[in-house]
K.L.:
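Input: one structure, supplied below.
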2 protein chains.
Amino acid sequence: AIEVERLTKTYTIGTTVHAVDGVSLNVPHGSFTAVMGPSGSGKSTLMQLIGLLDAPTSGRLTVNGRDVEGLADEERTRLRGKEIGFVFQSFNLMPKLTVLGNVTLPMQFQGVAARERLRRAEELLARMGMSDRLHHKPNQLSGGERQRVAIARALANEPTLLLADEPTGNLDSRTGEEVLRLFAELHAQGYTIMLVTHERRVAERAERIVHMEDGRIQEIEALTAA
Amino acid sequence: AIEVERLTKTYTIGTTVHAVDGVSLNVPHGSFTAVMGPSGSGKSTLMQLIGLLDAPTSGRLTVNGRDVEGLADEERTRLRGKEIGFVFQSFNLMPKLTVLGNVTLPMQFQGVAARERLRRAEELLARMGMSDRLHHKPNQLSGGERQRVAIARALANEPTLLLADEPTGNLDSRTGEEVLRLFAELHAQGYTIMLVTHERRVAERAERIVHMEDGRIQEIEALTAA
Ligand SMILES: Nc1ncnc2c1ncn2[C@@H]1O[C@H](COP(=O)(O)OP(=O)(O)OP(=O)(O)O)[C@@H](O)[C@H]1O
Ligand SMILES: Nc1ncnc2c1ncn2[C@@H]1O[C@H](COP(=O)(O)OP(=O)(O)OP(=O)(O)O)[C@@H](O)[C@H]1O
Ligand SMILES: [Mg+2]
Ligand SMILES: [Mg+2]
C-alpha cells in the first residue's frame, strides 16, 4: 500500500512551477487506479514521485508502511528495481540494446539467471506481439512497438507495483486492448496498478479515476459499483 | 498535390522488413487525409517518405508535378524546409534549445528576420497554450507540452503540406480538441493536411481515412458526404 501525504514538487526556472501542488492519496494494496487530467497538470510528476524516481519538495510518501525518506539508498534502490515497474510516457529504452536486451537488463540487476531471463523476456514480448522484433534496436521500431517493449520491460521483475504513464498512447485500439487485458489479468493476480491516460475508455478499466488539475487532485471518481 | 506510386521501403536486419509494401495514393491539393492502422503497419514510414525525410526503396513520389527523385539536393531541402511541416510521433525537439528557440529555428533557416520570428513563434505557442513555458527546455516540459511545441514548430514556416504523426497522442481531450480546431482552420485556409492517429474520433475530422495494414493500404474511406 502507498500513502501520499501533502506531496509537493516545485521547479524554479525564472518563475516557480508547482508541478505537484499538495497531493494526498491512499493507494490500497492490489488496487487499480487511473489518473486523468489536462496536459501539464502534474500526472507524470506524481507518478515519478510515487515510483521513487524523484524526490518531493515537501510532504510524505509511505510505501508498505515505511517512510521513503528514512530509507537507506540501498533499500530505495531495491524497492525501485524489484517492487516497482515503471512504463515511461516517452519509453526511455536503452538505444544501444536490442528489444531482448532492454527487457532482460532489469532482471540482470536482480541476479536472475541467464536462461530464466531469456525465457521470461520472450514470454512477455510474445504477449506484447513483439516476437518478430527481438533483435531490433529501438530506432528500428515503430512508436507503438517501443511502447510495448517499455511495457514488457516494466513487467520483467514481476513488480508488486506497476506504474504506467500513457501505456496505450501510441497504440491502435486493438493492440491497446491487448495491453489492457494483460493489465486486468495482472490486477486479478494481485498487482497494484496505477495508470495515467487521457482516454476515458482506458481509465474506465480501473476501479477509480483520480482527476488532477494544476498539480492537485480535483476529485476521486469511484468506478466499481460494489 | 502529391502522387505516391507503388512506393516501398524495405529494411534488412537479419530478416527483411517490408515497412511500406507497395503504396499508391493521390493526395489532392488542399485535402485533409487521416491515416489509421495497427501498430507497425507502416504509417510513420509512409509519412516520412512523403515528407522527404527518407528515400523509398522503390516506387515513385511526385510533389507538385515534379518527380522527387529527379530533384537537386538544394531543391529537396527547400521543399522540406519551406513547404513541408512535420510533427514527429516522438517530437524530436532540440534538447539544448528552449521552447522559443525550437520554434524559431526553422524560420532562421528560411532567412526570416528576428523580430518576425519571435512574433510568429509567440503567436503559435499562444495558440497552443504554451505562453507560460517559452523559456523551458524540452526536458522541463510534460509529454503533452513537448507535443504542442512540436506542432508549433511544424507550422512556423507556414508550410503548404502539414504532416502530423499522432499529434494528439499525449494530449487530454480538451487540449487535443484545440489542436484539431487549429488544423480545421488551417485546412479552411488551404493547407494540405495528412495526420496519423489511432483514435477514430480524431480521424473523423478529416475528409477521408486511409486504412493501412502490413505496409499496404487496405481501404480509403470517404468521410465527407458531398
Ligand atoms: N530502421 C528500421 N529497421 C528495421 N525495421 C524498421 C525500421 N524502422 C521501422 N521498422 C519496422 O517497420 C515497420 C513499420 O514501422 P512504422 O514506424 O512505419 O509503423 P507505424 O504504423 O507508424 O506504427 P505505430 O502505430 O506503432 O507508430 C515496423 O514493424 C517496424 O518494426
Ligand atoms: N524539470 C522541470 N522544470 C520545470 N518545470 C517542469 C519540469 N518538469 C515538468 N515541469 C512542469 O511541471 C508541469 C507538470 O508536468 P507533468 O509532466 O507532471 O505533467 P503531465 O500531467 O504529465 O502532462 P502531460 O499530460 O502533458 O504528460 C508541467 O507544466 C511542466 O511544464
Ligand atoms: Mg505526462
Ligand atoms: Mg508510427
K.L.:
To the nearest 0.5 Å, what is the distance between CG (A:L186) and CG (A:L155)?
P.N.:
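Those atoms lie 5.5 Å apart.
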K.L.:
I'd like a table of the N/O donor-acceptor pairs between chain A and chain B - cut-off under 3.5 Å, distance only.
P.N.:
| from | atom 1 | to | atom 2 | distance (Å) |
| --- | --- | --- | --- | --- |
| A:S39 | N | B:D172 | OD1 | 2.6 |
| A:S39 | OG | B:R148 | NH2 | 2.7 |
| A:Q89 | NE2 | B:N170 | OD1 | 3.0 |
| A:R148 | NH2 | B:S39 | OG | 2.7 |
| A:G169 | O | B:H198 | ND1 | 3.4 |
| A:N170 | OD1 | B:Q89 | NE2 | 3.0 |
| A:L171 | O | B:H198 | ND1 | 3.4 |
| A:L171 | O | B:H198 | NE2 | 3.2 |
| A:D172 | OD1 | B:S39 | N | 2.7 |
| A:H198 | ND1 | B:G169 | O | 3.4 |
| A:H198 | ND1 | B:L171 | O | 3.4 |
| A:H198 | NE2 | B:L171 | O | 3.3 |
| A:H198 | NE2 | B:E199 | OE2 | 3.4 |
| A:E199 | OE2 | B:H198 | NE2 | 3.4 |

K.L.:
Look up atom CG in A:L46 and atom CG in A:L25, then write down how far apart they are to the nearest 0.5 Å.
P.N.:
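The distance works out to 7.0 Å.
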K.L.:
Side chain to side chain contact (heavy atoms under 4.5 Å, CB included) with B:A206: which residues, sequence neighbours excluded?
P.N.:
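Here the qualifying residues are B:F32, B:A34.
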K.L.:
Distance check, rounded to the nearest 0.5 Å: A:I151 atom CD1 versus A:L124 atom CG?
P.N.:
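These two atoms lie 11.0 Å from each other.
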K.L.:
I'd like to know which of A:G40, A:G129, A:G176 tops the heavy-atom pair count under 4.5 Å against chain B.
P.N.:
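Top option by heavy-atom pairs under 4.5 Å: A:G40.
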K.L.:
Working to the nearest 0.5 Å, report the span between CD1 of A:I50 and CG of A:L7.
P.N.:
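Going from the CD1 atom of A:I50 to the CG atom of A:L7 covers 7.5 Å.
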K.L.:
Rounded to the nearest 0.5 Å, what's the gap from CD1 on B:I2 to CG on B:L49? Could you check?
P.N.:
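Spacing of CD1 (B:I2) from CG (B:L49) equals 12.0 Å.
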K.L.:
Applying side chain to side chain contact (heavy atoms under 4.5 Å, CB included) to A:L141 and A:V99, what does each step give before you reach the verdict?
P.N.:
CA-CA 9 Å; A:L141 297 175; A:V99 164; 3.7 Å; yes
K.L.:
So which part of B:V196 gets closer than 4.5 Å to some heavy atom of chain A, the side chain, the backbone, both or neither?
P.N.:
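When you check distances to chain A, no heavy atom of B:V196 falls under 4.5 Å.
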K.L.:
Which region of B:I13, side chain (C-beta onward) or backbone (N, CA, C, O), has a non-hydrogen atom less than 4.5 Å from a non-hydrogen atom of chain A, or is it both or neither?
P.N.:
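The side chain, not the backbone.
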